[in-house]
Amino acid sequence: MSELKPTILDFTKEELAKEIKPAFRAKQIYNWIYARYVNNFSEMNNIPKAMKEDLESRFILDPLKILTKEESNDGTIKYLFELPDGKTVESVLLRMKEDEFDCDGKLVHHAKYTVCVSTQVGCKVGCTFCLTAKGGFTRDLTSGEIVAQVLSLKKDNNISPERRLNIVYMGMGEPLDNLDNLARAITIFKDDDGLSISSKRQTVSTSGLSSKIDKLGQMDLGVHIAISLHAVDDELRTELIPMNKAHNIASIIEAVKRFPIDTRKRVMFEYLVIKDKNDDLSSAKKLVKLLTDIKAKVNLIYFNPYPGTPYGRPTKQSMVDFQEYLIKHGLLCTIRDSKGIDISAACGQLKEKTEGEY
Ligand code: SAH
Ligand code: SF4
């Protein structure tokens with residue numbers, strides 16, 4: 001098989017400037033790709049023909065092909081993309097209604113967009129509740145393959161280039177297990193000549209590789225972190241997330257305390273609620289204690305069952321009771337509404353469905 005060309009989306013503007021001559025063209029190329037949504041190098045009108053041909057011969061412009069697209073009743077759209085090597089990953093576009101006042105003080109309604117992106121094909125972490133883990137690990141996504149998910153969703157939904165959106169690294173894979181490509185993608189997203197998505201609008205969700213949380217913090221990229229905690233004692237957490245043995249709860253809490261956080265913001269702790277496993281009030285009590293010294297916010301997630309899983313979806317009452325307990329004891333707490341539940345929007349579930357494993 002002939003070697004696959006890299007995608008031009010893999011390059012930060014500075015890296016691209018080193019690849020081409022003269023370097024100032026990198027800014028123009030960025031603009032064509034991210035702000036004008038061209039689909040071919042030949043459409044880049046102010047770029048000399050020879051350079052366009054050179055780019056064409058060296059790079060892929062769009063590494064993703066939309067394989068399937070499912071829209072949920074609540075407007076959530078889930079995509080399954082094919083990568084250049086035939087592997088597949090998912091991304092989700094979440095749309096929420098938002099009211100804002102414009103500069104004249106007039107109330108305007110528009111959609112607030114959040115894109116949930118994948119960082120790997122499969123995942124090494126092997127959480128026992130997660131469908132992505134079932135297929136094992138295939139490979140890391142390149143930076144460009146991460147960036148392309150947001151670009152494709154913007155293009156496919158006619159979202160204007162200047163429209164702000166949020167990114168959550170909560171799709172398939174463990175972002176901190178692909179740290180270099182993640183960091184480059186964050187930088188590419190931030191570029192004002194590109195998609196211009198400030199790092200404040202980007203949240204990296206991790207299953208808790210504590211040493212990598214430190215590394216990400218040292219890179220000082222300005223992103224938020226969300227910790228997939230899911231359990232308050234190491235025994236249950238190790239059952240759910242086997243690598244908790246090496247990165248236990250205490251080590252994660254310590255790493256979070258060291259992480260550079262915008263003083264106005266809170267660290268998000270995700271807590272996947274599983275029926276009769278971690279949905280009792282004594283777990284809520286331990287959670288309050290665990291997060292005492294942290295400016296935290298807890299997001300409770302309903303476990304979304306799939307055929308073959310030993311775990312069950314918690315009742316609404318137990319979710320509400322859990323939430324009320326946390327709030328009463330001073331923790332901010334939201335319940336993640338089950339957006340897209342009718343299209344199985346939890347990570348890995350569209351891929352599994354499409355590939356016929358259930
Ligand atoms: N690997 C990272 C990032 C994404 S995992 C992490 O674990 O944080 C994607 C998200 O989907 C996580 O918040 C995980 O808790 C959630 N998830 C996985 N399987 C789920 C299921 N069956 N029901 C509900 N949420 C699930
Ligand atoms: Fe990987 Fe996150 Fe799924 Fe765990 S929950 S297997 S870390 S993708």
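Computed from a predicted structure; not experimentally measured. Reckoned from all heavy atoms, side chains included, excluding hydrogens, waters and symmetry mates. Every number for a ligand or one of its atoms is a count from 1 in the order of the listing.
When heavy-atom distances to ligand 1 are checked against a 4.0 Å cut-off, Ser205 comes that close through both its backbone and its side chain.
One finds the CD1 atom of Ile20 at 12.5 Å from the CD atom of Glu15 (value rounded to the nearest 0.5 Å). Expressed to the nearest 0.5 Å, how far OG of Ser57 lies from CZ of Phe41 amounts to 9.0 Å.
Checked for salt-bridge contact, Asp279 and Lys275 miss the test: no charged N lies under 4.0 Å from a carboxylate O. Between Lys49 and Glu53, at least one side-chain N (NZ, or NE/NH1/NH2) sits under 4.0 Å from a carboxylate O, which counts as a salt bridge.
Nearest heavy-atom pair, Ile249 versus Ala231, reported as atom, atom and distance to 0.1 Å: CD1-O, 3.6 Å. Thr203 and Ala226 get closest at one heavy-atom pair: CG2-CB, 3.9 Å.
Atoms of ligand 2 lying under 4.0 Å from at least one heavy atom of Val125, given by number and element, are 7 (S). Proximity to Gly173 (heavy-atom distance under 4.0 Å) selects the following atoms of ligand 1: 1 (N), 2 (C), 3 (C), 4 (C). Proximity to Ala133 (heavy-atom distance under 4.0 Å) selects the following atoms of ligand 2: 6 (S). Each of the following atoms of ligand 2 lies closer than 4.0 Å to a heavy atom of Gly173: 8 (S). Close contacts of ligand 1 with Gly171, meaning ligand atoms under 4.0 Å from a residue heavy atom, involve 4 (C), 5 (S), 9 (C). The distance from ligand 1 to the heavy atoms of Thr206 drops below 4.0 Å at these ligand atoms: 6 (C), 8 (O). Near Ser207, meaning under 4.0 Å from any of its heavy atoms, are these atoms of ligand 2: 7 (S). Of all atoms in ligand 2, listed by their number and element, those nearer than 4.0 Å to a heavy atom of Phe129 are 5 (S).
Cys123 lies close to atom 1 (Fe) of ligand 2, since one of its N, O or S atoms is found at a distance under 2.8 Å. Metal site remark for atom 4 (Fe) of ligand 2: Cys130 contributes no N, O or S atom at a distance under 2.8 Å.
The option with the heavy atom closest to atom 15 (O) of ligand 1, from among His230, Gln120, Glu270, is His230. Scanning Pro242, Ser118, Cys127, Pro175 for the heavy atom closest to atom 4 (Fe) of ligand 2 points to Cys127.
For the pair Pro305 and ligand 1, no heavy-atom separation below 4.0 Å is found. Within the 4.0 Å heavy-atom cutoff, Tyr311 does not count among the residues contacting ligand 1.
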